[in-house]
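The sequence lines fix the lettering, A, B, ..., with proteins before strands; numbering per chain opens at 1. Excluded from the calculations below are hydrogen atoms, water molecules and symmetry mates; all remaining heavy atoms, backbone and side chain alike, are included.
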Amino acid sequence: MKIPPVKGTRDFYPEQMRLRNWIIDGWKDASIRNGFLEYDGPIFEYLKMYQVKSGDEIVEQLFSFEDRGQRLLAIRPEITPTLARMVNQQINSLPRPIKWFSVPRVCRAERPQKGRLREFFQWNIDIIGVDELIADAEVIFCAIDYMRQVGLTSDDVVAKISSRKMLAAILDLIGIAPQELTGVYTTMDKRAKLSDEAFEELLEKQLPDKQKQAEVIKLMAVTSINEIEEIFELNEAAQAAVDELKELFRLLDMMGVSDFCSFDISIVRGLAYYTGVVFEVHDKLGELRAVCGGGRYDNLLKDFGGPSVSATGMGMGDCVLEILLENKGLLDNARKPLGVDYYIAALDKELVEASFEIAAKLRAKGLSAEFAYKPIKMKKLMKQASNLGAKHCIVLGQEFIESKELVVKNMASQEQKNMSLDALLAQLR
RNA sequence: GUGGAUGUAGCUCAGCUGGUUAGAGCAUCGGUUUGUGGUACCGGGAGUCGGGGGUUCGAAUCCCCUCAUCCACCCCA
């Protein structure tokens with residue numbers, strides 16, 4: 001019976017595993033460089049955990065099950081609820097600020113398509129307990145810092161930034177009721193994908209009032225923060241939110257990443273829990289879905305039964321990132337095999353054991369060494385060493401039989417020397 | 001949940017309007033007479049042509065059903 005792999009999953013053969021590790025190691029490097037500490041949680045939680053902040057639609061996209069104790073559980077589709085739970089549990093003893101990162105494997109029962117699978121890895125960074133805007137700036141900086149690290153430039157990607165707080169204030173100004181807000185947000189979030197007509201049609205459904213519609217359309221057409229101040233008669237709350245966004249851009253400029261950043265009114269983000277700055281990083285050509293997204297979510301810890309503590313963060317999945325890096329030709333280093341230090345092979349059957357002994361001694365010295373299980377011909381030996389990316393090869397042949405000498409060849413320089421094993425080991429010291 | 005496309009060797013595919021034992025390139029393994037690396041040549045293994053049914057003397061090829069995958073929509077934490 002042949003059993004196929006499960007829909008939306010990936011098998012990581014050594015080649016793909018190398019790439020996956022390269023991506024994850026890069027995320028970890030960037031996190032640590034930016035002062036984040038690593039954490040992790042269980043791969044499943046109570047189903048309830050994921051129902052708190054999202055509706056039944058989201059629950060349909062969970063892999064959930066009942067355990068033998070009739071507990072309703074779900075495989076994690078994200079790690080933020082786990083983070084909220086963990087932080088809440090120790091909120092009074094954790095040193096502030098809480099700057100944590102994680103690279104969880106997560107699962108969502110969505111229909112797979114380009115850049116979206118049912119199982120993937122998601123880099124998360126979060127800063128908890130900092131009300132100041134500097135934390136939002138740092139999160140965005142860290143994401144960009146990683147992009148730069150892997151060779152992406154401001155010609156390749158752009159961080160599109162907006163503010164939920166500002167949108168809320170202006171929509172309030174326009175006269176949109178709080179209960180209409182979610183629907184309007186959802187429509188606004190789609191703006192970039194739709195034609196003018198399609199957008200207006202969709203908006204019509206959410207917002208029957210013509211006057212308000214016109215105002216929203218006017219708002220969605222702005223391309224700069226200054227334009228907002230020119231077009232709208234801002235009240236105090238709206239002005240404060242606009243000023244805050246301006247301040248964010250000032251901070252990002254100070255951090256030297258402003259060429260990656262641009263204001264974009266259409267960045268709203270799907271679900272309701274964002275309360276302030278929101279952003280998404282996209283490929284500049286606009287061919288792919290968002291590489292990463294995040295923002296401020298000041299109510300989340302409270303929603304999970306904790307105290308009211310502010311938070312801001314972001315998540316980046318490996319699927320879109322990999323496609324983007326592939327398109328930009330930035331995966332050459334990721335695919336390069338590491339290669340062993342020594343490849344050892346014997347030309348005669350009686351010398352195979354000795355090659356194992358030599359490999360063992362090199363390994364004991366902390367070097368990587370691989371050897372052939374069977375005697376092989378010289379030509380094949382060289383080819384094998386070359387395929388394995390070996391830095392050196394050691395040949396056991398006639399001279400080993402006669403005088404216990406190894407032929408040690410540097411594969412790159414092609415230089416080779418005859419020496420005893422002791423001499424080789426001594427030279428390593 | 002909706003729509004579109006595609007399923008032939010491990011991978012990428014070819015197989016014209018149905019015709020004998022189903023092919024190529026890459027990969028893999030083994031060779032090319034005696035001890036030195038991505039080249040060249042020879043050879044081997046590997047496929048119930050996604051599965052089932054139908055039409056036909058004969059189906060990878062035509063028809064129906066089904067499954068799977070990919071792409072787009074929905075959704076996107």
Side-chain angles (χ1 to χ4, degrees), chain A residues 2-11 13 15-16 45 49-62 74-84 104 106-118 120 122 124 126 185-186 189-190 193-194 198 202 268-274 278 280 287-295 297 300 303-304 313-317 319-320 323 343 345-348 351 374-401 407-416 418:
Chain A
K2 201 170 175 182
I3 299 172
V6 175
K7 182 199 281 286
T9 63
R10 287 172 287 181
D11 292 328
Y13 287 85
E15 194 190 339
Q16 289 87 8
E45 294 270 5
M49 183 83 105
Y50 306 110
Q51 294 171 314
V52 169
K53 69 173 190 183
S54 19
D56 289 341
E57 279 180 32
I58 295 294
V59 171
E60 279 173 24
Q61 299 188 332
L62 287 171
I75 298 174
R76 63 187 177 190
E78 56 167 333
I79 202 170
T80 310
T82 301
L83 171 69
V106 295
C107 295
R108 300 175 183 176
E110 296 175 295
R111 185 161 286 193
Q113 52 191 277
K114 193 176 184 185
R116 189 161 83 176
L117 297 171
R118 290 184 153 193
F120 58 99
Q122 191 185 54
N124 285 254
D126 291 278
Y185 277 152
T186 308
D189 195 42
K190 293 186 178 124
K193 283 200 241 173
L194 301 172
L202 203 60
V268 181
R269 308 280 298 150
L271 252 63
Y273 71 68
Y274 289 102
V278 281
E280 286 176 5
E287 290 172 342
L288 307 172
R289 53 184 72 244
V291 180
C292 83
Y297 51 99
L300 193 69
D303 291 345
F304 280 95
M314 71 101 200
M316 181 186 301
C319 301
V320 177
I323 294 167
Y343 177 69
L347 301 175
D348 292 296
L351 305 179
K374 290 177 185 172
I376 55 176
K377 291 186 178 162
M378 186 60 97
K379 190 163 189 165
K380 176 132 189 232
L381 186 155
M382 290 299 159
K383 199 170 173 178
Q384 283 282 25
S386 177
N387 288 345
L388 288 167
K391 294 179 185 71
H392 307 87
C393 72
I394 295 176
V395 184
L396 299 179
Q398 198 57 35
E399 49 284 88
F400 191 77
I401 296 171
V407 178
V408 181
K409 179 172 179 177
N410 181 315
M411 295 301 287
S413 69
Q414 303 198 33
E415 284 169 50
Q416 69 181 50
N418 291 12

Taking atom [atom2] of [N] as reference, at what distance in whole Å does atom [atom1] of [X] sit?
X: A:Lys380; N: B:rU32; atom1: NZ; atom2: P; value: 12 Å
X: A:Gln416; N: B:rG35; atom1: CD; atom2: P; value: 14 Å
X: A:Arg116; N: B:rC74; atom1: CZ; atom2: P; value: 10 Å
X: A:Ile323; N: B:rC70; atom1: CD1; atom2: P; value: 12 Å
X: A:Gln113; N: B:rC76; atom1: CD; atom2: C1'; value: 10 Å
X: A:Gln51; N: B:rA77; atom1: CD; atom2: P; value: 18 Å

Closest non-hydrogen contact found for A:Val278 with A:Val268 is CG1-O, 4.0 Å

Examine the base of B:rC76 for any acceptor or donor lying under 3.5 Å from a partner atom in the side chain of A:Arg269, and report the outcome as yes or no. no

I'd like to know if A:Gln414 reaches the base of B:rU36 with its side chain, counting only an N/O donor and acceptor under 3.5 Å. no

Touch check for [X], heavy atoms < 4.0 angstrom, all strands: base, sugar-phosphate only, or nothing?
X: A:Gln384; answer: nothing
X: A:Glu399; answer: base
X: A:Lys190; answer: sugar-phosphate
X: A:Arg111; answer: base

Can you confirm whether [X] sits close enough to [Y] that some side-chain heavy atom of one is under 4.5 Å from a side-chain heavy atom of the other?
X: A:Leu381; Y: A:Tyr343; answer: yes
X: A:Cys319; Y: A:Arg116; answer: no
X: A:Val395; Y: A:Lys409; answer: no

For [N], the Watson-Crick or wobble partner whose two distances fall under 3.5 Å:
N: B:rG44; answer: B:rU28
N: B:rU34; answer: none
N: B:rU2; answer: B:rA72
N: B:rA14; answer: none
N: B:rU39; answer: none

Any side-chain to backbone donor/acceptor pair from [X] onto [Y]? Under 3.5 Å, distance only.
X: A:Asn124; Y: A:Gly315; answer: no
X: A:Arg118; Y: A:Glu110; answer: yes
X: A:Arg108; Y: A:Pro77; answer: yes

Would you indicate which nucleotide in [options] comes nearest to any side-chain atom of [X]?
X: A:Met382; options: B:rG35, B:rG37, B:rA72; value: B:rG37
X: A:Lys409; options: B:rG38, B:rU36, B:rC76; value: B:rU36
X: A:Lys114; options: B:rC71, B:rA77, B:rG35; value: B:rC71
X: A:Val407; options: B:rC76, B:rA77, B:rU36; value: B:rU36
X: A:Pro112; options: B:rC70, B:rC76, B:rU36; value: B:rC70
X: A:Ser386; options: B:rG37, B:rA77, B:rG38; value: B:rG37
X: A:Met378; options: B:rC75, B:rG38, B:rU36; value: B:rU36

First of A:Gln398 and A:Thr186 reached from the 5' end of RNA chain B, by closest nucleotide: A:Gln398

Between A:Val6 and A:Ala109, who's closer to the 5' end of RNA chain B by nearest nucleotide? A:Val6

Nearest-Å distance once atom [atom1] is located in both [N] and [M]:
N: B:rA72; M: B:rC62; atom1: C1'; value: 30 Å
N: B:rG45; M: B:rG23; atom1: P; value: 13 Å
N: B:rU12; M: B:rU39; atom1: P; value: 22 Å
N: B:rC74; M: B:rG54; atom1: P; value: 43 Å
N: B:rG50; M: B:rG7; atom1: C1'; value: 6 Å
N: B:rU61; M: B:rG19; atom1: P; value: 11 Å
N: B:rU33; M: B:rC41; atom1: C1'; value: 16 Å
N: B:rG35; M: B:rG51; atom1: P; value: 49 Å

Is any side-chain N or O of [X] closer than 4.0 Å to OP1 or OP2 of [N]?
X: A:Gln61; N: B:rC75; result: no
X: A:Lys383; N: B:rU36; result: no
X: A:Lys377; N: B:rU32; result: yes

Before you tell me yes or no, could you show the steps for A:Leu347 and A:Met378 under side chain to side chain contact (heavy atoms under 4.5 Å, CB included), namely the whole-Å CA-CA distance, both residues' side-chain angles and the distance that decides it to 0.1 Å? CA-CA 7 Å; A:Leu347 301 175; A:Met378 186 60 97; 4.2 Å; yes

